[in-house]
Structure formats: structure tokens, C-alpha cells
Amino acid sequence: MTSGIPQLSLYNTLTRKKEAFVPIDAGNVRVYACGPTVYDFAHIGNGRMAIVFDLLFRLLRQVYGADHVTYVRNITDVDDKINARAARDFPGLDLNEAIRKVTEKTAAQYQSDVTALGCLEPTVQPRATDNIEGMQSLITALISRSHAYEANGEVLFEVGSMPDYGKLSGRNPEDNLAGARVAVDAHKKNPADFVLWKQSSADEPGWDSPWGRGRPGWHIECSAMSERYLGQLFDIHGGGLDLIFPHHENEIAQSRCAHGTHAMANVWMHNGFLQVEGEKMSKSVGNFFTIAQLLETEDFGGRKWAGEVLRLAMLMTHYREPIDFTVRRLEEAEGKLRSWQQAAVGYSDADHEPDASVMAELADDLSFHRASVALDVIARKAGRDGGEQARNCLAATLAFLGFSSDSLLAVDDSADTAGIHAAIAERLAAFANKDFATADRIRAELAEQGIALMDSKDPQTGERRTKWEIKR
RNA sequence: GGCCUCGUGGCGGAGUGGUGACGCAGCGGAUUGCAAAUCCGCGUACUCCGGUUCAAUUCCGGACGAGGCCUCCA
């Protein structure tokens with residue numbers, strides 16, 4: 001374990017309290033996060049989940065060592081929405097072929113999206129379709145332990161067989177019935193019972209099983225994949241707030257009842273939702289944006305946004321709080337990141353640990369926003385006394401957090417670097433002759449190309465120095 | 001209807017039973033040939049109503065407001 005790292009504390013949805021985090025095995029800290037269902041491009045809400053758990057992953061790696069953390073983020077590639085999308089987009093193709101096309105395309109896009117958002121690759125990214133066997137053995141175990149039953153061609157989990165059902169979400173089956181929106185099916189013993197396995201028609205994707213050719217229900221996948229890679233009991237399970245019920249509740253029911261364990265994961269973490277410009281993101285309101293759209297089109301705010309800016313905009317607010325995603329927020333994030341990069345650019349993160357106060361804030365339930373105050377302090381310190389130590393520390397801390405030290409300052413391919421440097425040299429020569437008119441003309445010409453100049457004095461010699469950057 | 005969050009200044013966003021974090025924007029100053037950048041300094045807030053207390057933005061109760069879940073939405 002790296003020295004000097006404070007105790008981690010994490011908010012646990014299961015207890016609704018912040019608790020000291022104690023890993024089951026400090027030699028292998030195990031985290032599972034519910035990843036996307038790949039029926040369409042990921043939207044920015046999906047991006048928040050990826051970023052939040054990436055930050056957790058990075059923190060755990062720093063505390064316990066990079067080789068002592070296993071982070072599993074699954075890809076759900078069997079789902080009725082995928083089937084529908086496949087049938088819609090590839091009507092001529094064989095369904096299985098069409099499904100493969102849909103999931104491959106969207107999974108690849110997801111990878112590139114979250115990479116742009118500065119997320120490390122998880123240790124394992126299992127696919128549901130590679131884990132059908134594991135799901136089937138879980139279902140078999142549930143049936144033999146009398147927690148599941150076959151009815152009407154389906155295998156259903158019997159909610160009434162588990163006294164703890166509803167503990168995570170703080171609700172009981174009676175509460176749910178009050179909403180009167182739970183589908184009442186004659187074949188269910190209890191309306192809240194949920195599907196573990198369902199039959200597939202000839203033109204639906206299916207796998208052979210003791211219960212006929214069919215496909216898994218919507219929750220059993222995560223139980224199977226987490227068991228395979230993390231074991232029957234692991235440390236942290238995460239996802240979006242909306243997954244608490246029913247998805248995570250049902251995962252717990254399946255895993256615990258199949259294994260006869262007292263818990264599935266010790267800590268349950270859920271990230272908050274985001275709104276866009278004050279309203280819930282939805283296609284009908286017209287404020288629905290995919291990650292790719294923000295990165296590559298000018299649909300949001302009339303311009304493109306760097307992945308790191310989106311990342312910072314997400315992290316500026318604590319992960320459990322709601323975020324109102326706005327153009328102004330992105331502009332603020334961009335300004336903040338640029339100011340950090342200006343202080344860190346050119347300095348190395350090698351051989352430097354992330355700043356201790358930043359680590360301490362993150363260790364307290366991922367309080368990134370307070371950590372960012374520490375970054376402001378370091379950046380200002382570096383600006384004030386030009387301290388190399390501060391700059392190196394800042395660069396190392398930015399790298400740790402998933403930010404580069406120069407991405408927003410990097411030279412645009414279209415900029416004529418040599419020409420700019422020549423113009424700056426010419427301007428400095430004009431100064432030598434007190435020819436301010438020429439100097440100002442050169443500055444104005446560069447400004448027209450979007451190049452901003454900043455003069456400073458060398459603290460030692462008093463000599464004029466000129467920096468430049470591309471202004472939008 | 002049930003369950004769960006949350007309500008801080010122009011904006012973002014911490015935090016605390018008693019000296020008004022921090023950032024952006026704004027204002028003043030230093031510096032500068034002029035700018036920009038940088039540095040120094042300043043201002044404005046705790047949804048409302050009760051209660052507890054010597055003292056509440058902070059604790060308790062209520063109201064109002066916002067958001068989420070109650071079907072496969074991060």
C-alpha cells in the first residue's frame with residue numbers, strides 16, 4: 001500500500017451512510033459497475049457513470065497499487081431493445097448477424113467515447129453473450145434452492161422466498177404494488193416476481209437450456225459476470241441511481257439466494273443523474289445528446305467540446321448530486337482546465353506523486369470538487385513563484401485524475417507554428433527599436449488568425465518574453 | 001399513493017451550532033508603451049414558518065419547491 005494515503009470512506013447506498021472502506025482482500029480490491037446496453041450510442045449520462053467509476057478505479061489503484069484492483073464493467077449485448085434495433089436497422093439480414101452488427105458497432109463507439117473522456121480501460125469488460133453458461137448455472141441453483149420456479153415457459157425468481165428483498169432500495173413488494181403499475185401476470189406467484197429466463201421464438205436470439213431454447217432475463221447477466229470475475233462476495237458494486245431498483249435489488253436477490261451468502265457486495269455506490277439545460281434529458285424535449293455528438297459535432301452550444309472538458313464538467317459536482325449540464329458549465333470547466341494546464345505544461349509527471357491534499361479529498365467519498373480547490377492552489381503557487389516542484393506536482397496530479405497537461409494548449413494542426421514564431425521574433429525586434437506601431441500591428445494580425453499573445457518579463461533579467469496560444 | 005435524494009450569493013459549488021471555503025463573472029489596485037496574461041484586495045447568500053439553544057444557514061418538526069425510483073433508462 002502506498003504510504004501516506006488516508007483511509008477511504010465511501011457512501012454506501014445499502015446503509016445510507018458514509019463508511020470507512022475496508023477491502024475484503026487488500027491484495028485484490030474488486031469492483032463491478034453496470035455498463036451500457038449497447039443498442040445505441042452512449043449519451044452523456046452514460047458518460048457520467050463511466051467517469052465516476054473511473055475516478056474510483058484510479059483512486060483505488062493509487063491506494064492499493066495498480067495490480068491490486070480488479071474493475072469489471074460489463075457490456076450488455078443481449079436485450080430486447082437490441083433485437084428491435086437490429087430488426088429495424090438491418091431488415092434484410094439474418095437476425096443474429098444483424099444483432100452482431102448492432103452490438104459491435106455500438107460497443108466500439110462506446111470504447112472510443114469513454115476513452116475520449118479520459119477513462120482507463122477496466123480490467124475486464126465481459127459480454128453477456130459470453131456468459132450464458134454462468135447464468136444458466138445460477139438459475140439452476142436458484143431452482144434447486146426453491147428461489148425460482150418455472151411457469152408458462154419462463155423461469156421466475158420468487159421474491160417472497162427472500163426475506164431481505166427490498167433492503168437496498170428501502171422498499172417492499174407491498175409498496176411496489178401500491179403504484180399499481182407492476183404487470184400482473186396470471187402465471188406469476190407474486191406480481192413482483194421477475195424473469196430469469198424466457199423462451200425465444202425461432203426468429204429471436206436464443207440458447208439451449210434445461211428450460212428450452214431461450215434467453216436470459218434482464219438482471220441475471222450481472223450476477224453471472226460479477227461471480228465469474230470477482231467471486232460470490234466482492235467489495236464495491238456501482239451504477240446509476242436508477243439501477244437501485246429493480247436492477248441491483250434483483251441482482252442481490254439472485255446472487256445471494258443462489259450462493260447462500262449474506263451479501264453480494266459490501267458497498268453499493270450510485271451516481272446521480274443529470275439534466276440538460278434544466279430539463280430531464282429526453283429525445284422529445286430535444287435535449288438528448290450522445291457523447292460522440294458533443295465530441296464531434298457542433299450540436300451543443302454551437303461548437304465541439306474536448307473529452308477532458310466534458311470529464312471535468314462532470315466531476316465539478318459531487319458524483320451523488322444531480323448535475324444540470326449546460327453550455328456555461330462546459331465553458332467554466334474549459335477555463336479551469338486551461339488554467340491548470342497553463343501552470344503544468346511542459347512539466348513531467350514522472351517520479352512525482354499526486355498532491356496529498358487532492359488525494360485526501362478524493363479519499364473522502366470521491367469529493368473531487370474539494371480536490372479541485374487544491375489544484376487551484378497548486379496552480380496559483382506555481383504561477384506566483386514559478387516553482388518547479390509545484391508544477392511537477394500539478395502535472396502528476398492532473399495525470400492521475402485523467403487530464404493531460406497540455407491538451408487545450410496544444411498547437412492546432414492548422415496553425416503555422418513557424419510563421420507565428422517568426423512574427424513574434426519580428427515583434428520583439430520592433431520593441432528593441434521602440435517601434436510600438438509595428439509591434440501592435442503584428443499583434444493585431446496574429447489576433448485575426450486567432451493567436452493571442454501574452455507578454456511577461458523574465459524575473460531575472462527583466463527581458464521581455466512572449467507566449468502565445470490559440471484563442472477560439 | 002409509496003420510497004429516496006435535495007433546496008447556499010449573478011453563476012458553479014464546499015462547509016460549519018458562534019470569525020461569510022474556493023472558482024467564474026463583477027469591482028478596485030499593482031504591473032504594462034497600450035493590451036492580454038499574471039499578482040494583490042473587495043462585495044453580495046444560506047427557500048419559508050415554527051421549535052431546541054446564550055447562539056442556527058448548520059439540529060428537530062412542518063410547509064413550499066426541485067429531482068429520482070416504483071417495467072428492461074446511467
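Predicted, not measured: the structure shown is a model, and the values here were computed from it. Sequence lines set the chain letters: A, B, ... in the order given, protein chains first and strands last, and positions in each chain run from 1.
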What contact category does A:H270 fall into here, base, sugar-phosphate, or nothing, at under 4.0 angstrom with non-hydrogen atoms? nothing
Mark this stacking check for A:F273 against B:G67 as yes or no, applying ring centres under 5.5 Å and ring planes under 30°. no
When you measure from the side-chain N and O atoms of A:T317 to the phosphate of B:G13, is any distance below 4.0 Å, counting only OP1 and OP2? yes
A:R443 (side chain) and B:A35 (base): donor-acceptor pair under 3.5 Å: yes
Any heavy-atom pair between the side chains of A:L196 and A:L142 that's under 4.5 Å? yes
Using Watson-Crick or G-U wobble geometry with both distances below 3.5 Å, tell me the partner of B:A56, or none. none
Determine the contact category for A:L274: base if any of its heavy atoms lies under 4.0 Å from a base atom, sugar-phosphate if only primed atoms, P, OP1 or OP2 are that close, otherwise nothing. base
Applying a 3.5 Å limit to both distances, which nucleotide forms a Watson-Crick or G-U wobble pair with B:U16? none
Base, sugar-phosphate, or nothing: which does A:S339 touch, judged by heavy atoms less than 4.0 Å apart? nothing
Using the six-membered ring wherever Trp is involved, compare the ring planes of A:H247 and A:H219 and label them parallel, tilted or perpendicular (cut-offs 30° and 60°). tilted
Watson-Crick or G-U counterpart of B:A66, or none if no pair lies under 3.5 Å: B:U5
Crowding at NZ, A:K18 (>12 non-hydrogen neighbours, <6.0 Å): yes
Got a donor-acceptor pair under 3.5 Å from the side chain of A:R380 to the base of B:C22? no
With a non-hydrogen cut-off below 4.0 angstrom, is A:Q342 in contact with a base, only sugar-phosphate, or nothing? nothing
At under 4.0 Å, does any side-chain N or O of A:R16 touch on OP1 or OP2 of B:C4? no
Strictly below 4.0 Å: does A:K336 bring a side-chain N or O up to OP1 or OP2 of B:G13? no
N/O (side chain, A:R329) to phosphate O (OP1/OP2, B:G13) under 4.0 Å: yes
Would you indicate what A:D376 reaches in the nucleic acid, counting non-hydrogen atoms under 4.0 angstrom: base, sugar-phosphate, or nothing? sugar-phosphate
Need one value for A:G217: base, sugar-phosphate or nothing, where a base atom within 4.0 Å counts as base even if backbone is also close, heavy atoms only. nothing
Looking at every strand, decide which applies to A:S372 at a 4.0 Å heavy-atom threshold: base, sugar-phosphate, or nothing. nothing
For A:F431, answer base if it contacts any base atom (sugar-phosphate contacts may also be present), sugar-phosphate if it contacts only those atoms, and nothing otherwise; contact means non-hydrogen atoms under 4.0 Å. base
When only distance counts, do a donor and an acceptor, one from the side chain of A:D440 and one from the base of B:G33, lie under 3.5 Å apart? yes
Within 45° of the ring axis of A:Y11 and under 6.0 Å from its six-membered ring centre, is that where the NZ or CZ of A:K17 lies? no
Just call it for A:L453: base, sugar-phosphate, or nothing, with non-hydrogen atoms closer than 4.0 Å on any strand. base
So what does A:P36 hit on the nucleic acid, given a heavy-atom distance under 4.0 Å: a base, only sugar-phosphate, or nothing? nothing
Please report the C-alpha distance between A:F234 and A:H237 in whole Å, then the side-chain angles of each, then the deciding distance to 0.1 Å, and finally whether the ring-ring contact (aromatic ring centres under 6.0 Å, His included) criterion is met. CA-CA 8 Å; A:F234 53 95; A:H237 191 133; 5.8 Å; yes
Any strand: nucleotide that pairs with B:C27 via Watson-Crick or wobble, under 3.5 Å: B:G41
Quick one: the side chain of A:E332 and the base of B:G23, do they pair up donor-acceptor inside 3.5 Å? yes
Students often get this wrong, so: under 4.0 angstrom with heavy atoms, is A:G240 touching a base, only sugar-phosphate, or nothing? sugar-phosphate
